[in-house]
Amino acid sequence: MAALPRPMELCFAASAGTCQRAPTISPNKRRAGGSTVRCVATAPAPMGEKTEYRDGPLERAFMGLFARKMEKYATKKKQPPGPEKKKAVWDWDYESFVDVSRRVMVGRTGAQQQEAVREVLLSMLPPGAPEQFRKLFPPTRWACEFNAALTVPFFRWLVGPSEVIEVEVDGVRQRSGVLIKKCRYLENSGCVGMCVNMCKIPTQDFFTNEFGLPLTMNPNFEDMSCEMIYGQVPPPLEEDPVSKQPCYPNLCSMSTPSVPVCPKLQA
């Protein structure tokens with residue numbers, strides 16, 4: 001039987017992380033070079049520094065599945081002469097996944113970018129899945145709290161470590177919030193427009209309109225954390241504070257520091 005994929009591990013290049021040696025394993029299972037060393041993060045990497053992730057086969061498979069679906073909408077990269085070699089799902093890494101997202105943005109308005117992500121999300125589901133989700137998870141407190149609990153382990157590969165938190169929804173305190181400590185997607189892209197058009201808005205709309213379970217996402221561009229609130233209806237983009245967010249001039253390769261608002265939010 002093949003070995004189970006190891007869980008995603010992460011550490012920081014900065015001194016925030018501490019490395020610990022994993023328990024000794026039998027010699028026939030030990031990799032060359034000695035026993036495994038796992039890195040345990042104690043805090044998110046500081047702004048301007050990237051968290052170092054060690055993705056296992058399962059995480060890379062998720063990246064590959066999403067990236068291959070998104071390639072349909074991405075501008076083509078220049079390839080060397082010869083037959084094009086198609087990547088297997090496990091050949092992708094997070095940087096190439098972000099690169100595909102960036103190429104999806106090229107030549108598209110914000111609304112078109114959001115629609116492309118919606119189509120990708122729908123293509124990942126079996127037929128009739130949204131209708132079944134609505135039956136299984138009507139917008140009750142239990143459904144909101146259950147989906148918040150599922151978000152933490154299932155989306156760690158995409159957004160990084162997170163935790164369930166208590167939030168207030170329509171005057172009721174409930175554990176239907178998720179605090180993403182430092183969003184991996186925003187950290188690696190460094191792009192406000194990608195955060196809003198390729199993640200926040202389409203994810204909110206997908207849960208709220210396709211699944212019938214309201215979701216609001218509140219990214220914090222000061223520290224790259226993000227709060228997800230299941231059960232809260234998101235505001236229109238023009239009323240959302242993110243619509244006035246400027247670029248990250250030192251982090252984003254597509255930034256326009258001379259304007260007060262990220263141009264990708266106005267396209």
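Computed from a predicted structure; not experimentally measured.
- Of the possible donor and acceptor atoms, none in the side chain of S162 sits under 3.5 Å from a partner among the backbone N and O of V178.
- Applying the ring pair (Phe, Tyr, Trp, His ring centres under 6.0 Å) test between F137 and each of F146, Y230, F207 identifies F146 as the sole match.
- Closest approach of G107 and Q112 over heavy atoms only: O-OE1, 4.1 Å.
- Side-chain polar atoms of D99 and S96 form no donor-acceptor pair below 3.5 angstrom.
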Begin with the C-alpha distance, continue with both residues' side-chain angles, and end with the deciding distance and a verdict on side-chain contact (heavy atoms from CB on, under 4.5 Å) for L65 and M124.
CA-CA 8 Å; L65 286 170; M124 300 290 291; 4.1 Å; yes
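- Using a 4.0 Å cut-off between a side-chain N of Lys or Arg and a carboxylate O of Asp or Glu, E210 and R118 qualify as a salt bridge.
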Stepwise, does the side-chain contact (heavy atoms from CB on, under 4.5 Å) test hold for I229 with V169?
CA-CA 8 Å; I229 305 175; V169 178; 3.8 Å; yes
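- A pairwise comparison of heavy atoms in T208 and P234 identifies OG1-CD, 3.6 Å as the closest pair.
- Of the possible donor and acceptor atoms, none in the side chain of R108 sits under 3.5 Å from a partner among the backbone N and O of Q113.
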Decide salt bridge (charged side-chain N to carboxylate O under 4.0 Å, His left out) for R156 and E59; before the verdict, give the C-alpha distance in whole Å, the side-chain angles of both, and the deciding distance to 0.1 Å.
CA-CA 9 Å; R156 184 175 176 177; E59 289 78 30; over 6 Å; no
As a quick check of understanding, evaluate side-chain contact (heavy atoms from CB on, under 4.5 Å) for C247 and V192, giving each step before the final call.
CA-CA 6 Å; C247 293; V192 169; 5.6 Å; no
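- Salt bridge status for R173 with E168: present, with a side-chain N to carboxylate O gap under 4.0 Å.
- Checking side-chain atoms of K181 against main-chain N and O of P161 turns up no donor-acceptor pair under 3.5 Å.
- Few gaps surround CZ on F221; more than 12 heavy atoms of other groups in view lie less than 6.0 Å from it.
- For the pair K182 (side chain) and A45 (backbone), a donor-acceptor distance under 3.5 Å is present.
- Salt bridge absent: E119 and K69 never bring a charged side-chain N and a carboxylate O closer than 4.0 Å.
- The six-membered or imidazole ring of Y53 lies away from that of Y94, with a centre-to-centre distance of 6.0 Å or more.
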